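Following: one structure in structure tokens, then a few remarks.
Keep in mind it's a predicted model, so treat the numbers as computed, not measured. Heads up: numbering here begins at 1 and tracks the sequence.
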Amino acid sequence: MTRASLDKQPHEVASMFDGVAANYDLTNDVLSLGQARLWRKEVAKAVGARPGHLVLDLAAGTATSSLPFAATGAYVVPCDFSLGMLREGKRKHPWLPLTAGDATKLPFKDGVFDTVTISFGLRNVQNTEGALRELYRVTKPGGQVVICEFSQPTWAPFRTVYTEYLMRALPPVARAVSSNPDAYVYLAESIRDWPDQPELAGLLQKAGWSKVAWRNLSGGIVALHRGFKA
């Protein structure tokens, strides 16, 4: 199995990410033209972690995304369903409590975390609404969710260019830098088919989150969504 299909069977997606774990962070930096690091900084600002906070970093992969939260003194739990990603993360960051978990069936009690966050992972979950409800379940009353995900560029001419990049330029670039370029074909397709900013906001509200808002990054290539648990 070299790539997942768009019905997002969990075992297919996990297996696909197992296969790209070793070079995943480097490949992301190359394919995003260095923007991935900027996006991580914006997520860290939105989360606003501080000492004593409990943060769940879902779809954490190799736990690179968890490091800014840990640096504030917060207790961060990196969680992912790809064992290959978790093994690579444990090799790089052995002090972090990396945890295996499915976004739709999290291994945590109700109302545990001050913040739950997921970056570039929600669109790979088979049941988006189920995952948003599960994130709500494990968040404390008054806590927040922060989602960073690929979205739809707001300027129509740029949106056309961006779609062309995804479907035509990204696969050959991936072949040059990735151990499994077919995985990045799936990722390009999943980005193209993902809900836009208002639609994802609606799904958050439907799952119970209040005060839902979003902010565009890089012209809408990526959007930061936030919601609160009453």
Practice problem: Would you please say whether a donor-acceptor pair under 3.5 Å links the side chains of Thr117 and Thr115? | Solution: no
Quiz item: Under 3.5 Å, is there a donor-acceptor pair between the side chain of Asp196 and the main chain of Glu199?
Solution: yes
Quiz item: Does Leu96 reach the side chain of Leu67, with side-chain heavy atoms less than 4.5 Å apart?
Solution: yes
Exercise. Quick one: pull up CG in Asp110 and CD in Glu134 and give me the separation to the nearest 0.5 Å.
Key: 8.5 Å
Quiz item: Any donor and acceptor pair, going by atom type alone, linking the side chain of Asp114 with main-chain N or O of Gly143 inside 3.5 Å?
Solution: no
Self-check item: CD-OG1 distance between Glu149 and Thr128, expressed to the nearest 0.5 angstrom
Solution: 9.0 Å
Quiz item: Is there a path of hydrophobic side-chain contacts, each under 4.5 Å between heavy atoms of I, L, V, M, F, W or Y residues, that connects Trp194 with Val161?
Solution: no
Quiz item: So, Asn127 versus Thr104: side-chain donor-acceptor pair below 3.5 Å or not?
Solution: no
Exercise. Please list, chain by chain and in numerical order, all residues satisfying side-chain hydrogen bond (donor to acceptor under 3.5 Å, both in side chains) with Asn216, sequence neighbours excluded.
Key: Gln197
Quiz item: Do His225 and Leu204 have side-chain heavy atoms sitting under 4.5 Å apart?
Solution: yes
If you look only at distance, which donor and acceptor atoms sit under 3.5 Å apart when one is on a side chain in residues 71-79 and the other is two or more places apart or in another chain?
unit_1	atom_1	unit_2	atom_2	d
Thr72	OG1	Phe69	O	2.7
Thr72	OG1	Ala74	N	3.3

Quiz prompt | Where at least one partner belongs to residues 206-218, residue pairs that pass salt bridge (Lys or Arg N to Asp or Glu O under 4.0 Å), sequence neighbours excluded | solution = Glu42-Arg215, Glu129-Lys206
Practice problem: Check whether any side-chain heavy atom of Leu200 lies under 4.5 Å from a side-chain heavy atom of Ser151, and answer yes or no. | Solution: no
Quiz item: Do Trp39 and Ser119 come close enough that some side-chain heavy atom pair is under 4.5 Å?
Solution: no
Quiz item: Does Thr99 use its side chain to pair, donor to acceptor, with the backbone of Pro97 at less than 3.5 Å?
Solution: yes
Quiz item: When hydrophobic residues are tied together by side-chain contacts of less than 4.5 Å, even through go-betweens, does Val212 share a cluster with Val116?
Solution: yes
Quiz item: Any sub-3.5 Å donor-acceptor pair from Thr139's side-chain atoms to Phe113's backbone N or O?
Solution: no
Quiz item: In terms of hydrophobic clustering (I, L, V, M, F, W, Y; side-chain heavy atoms under 4.5 Å; direct or indirect links), are Trp214 and Val43 co-clustered?
Solution: no
Exercise. Could you tell me the separation between the OG atom of Ser218 and the CD atom of Gln35, rounded to the nearest 0.5 Å?
Key: 4.0 Å
Quiz item: Does Leu132 offer a backbone N or O that forms a donor-acceptor pair with the side chain of Arg137 under 3.5 Å?
Solution: no
Quiz item: Can you list the residues that meet the side chain to side chain contact (heavy atoms under 4.5 Å, CB included) rule with Pro153, with sequence neighbours excluded?
Solution: Phe158, Arg159, Tyr162, Ile221
Exercise. Could you tell me which residues satisfy side-chain hydrogen bond (donor to acceptor under 3.5 Å, both in side chains) with Arg226, sequence neighbours excluded, listed by chain and number?
Key: Gln144
Quiz item: Side chains of Ile147 and Leu224: closer than 4.5 Å at any heavy-atom pair?
Solution: no
Exercise. Quick one: closest heavy-atom pair of Val55 and Ala49, and the distance?
Key: CG2-CB, 4.2 Å
Quiz item: Sequence neighbours excluded, which residues qualify as salt bridge (Lys or Arg N to Asp or Glu O under 4.0 Å) partners of Arg50?
Solution: none
Quiz item: When you look at Thr64 and Arg40, which way does the side chain to side chain contact (heavy atoms under 4.5 Å, CB included) test go after all the steps?
Solution: CA-CA 9 Å; Thr64 298; Arg40 280 196 293 271; 3.9 Å; yes
Exercise. Treat each ILVMFWY residue as a node, draw an edge where side-chain heavy atoms are under 4.5 Å apart, and state whether Phe228 and Leu56 are in one component.
Key: no
Practice problem: Looking only at non-hydrogen atoms, find the nearest pair between Ser66 and Ala60 and report the distance. | Solution: OG-CB, 4.0 Å
Practice problem: Answer whether the closest heavy-atom distance between the side chains of Arg123 and Ile191 falls below 4.5 Å. | Solution: yes
Quiz prompt | pair Leu58-Asp80: side-chain heavy atoms closer than 4.5 Å | solution = no
Quiz item: How about Val47 and His53: do any of their side-chain heavy atoms sit closer than 4.5 Å?
Solution: no
Exercise. Report yes if the distance between the aromatic ring centroids of Tyr136 and Trp209 is under 6.0 Å, otherwise no.
Key: yes
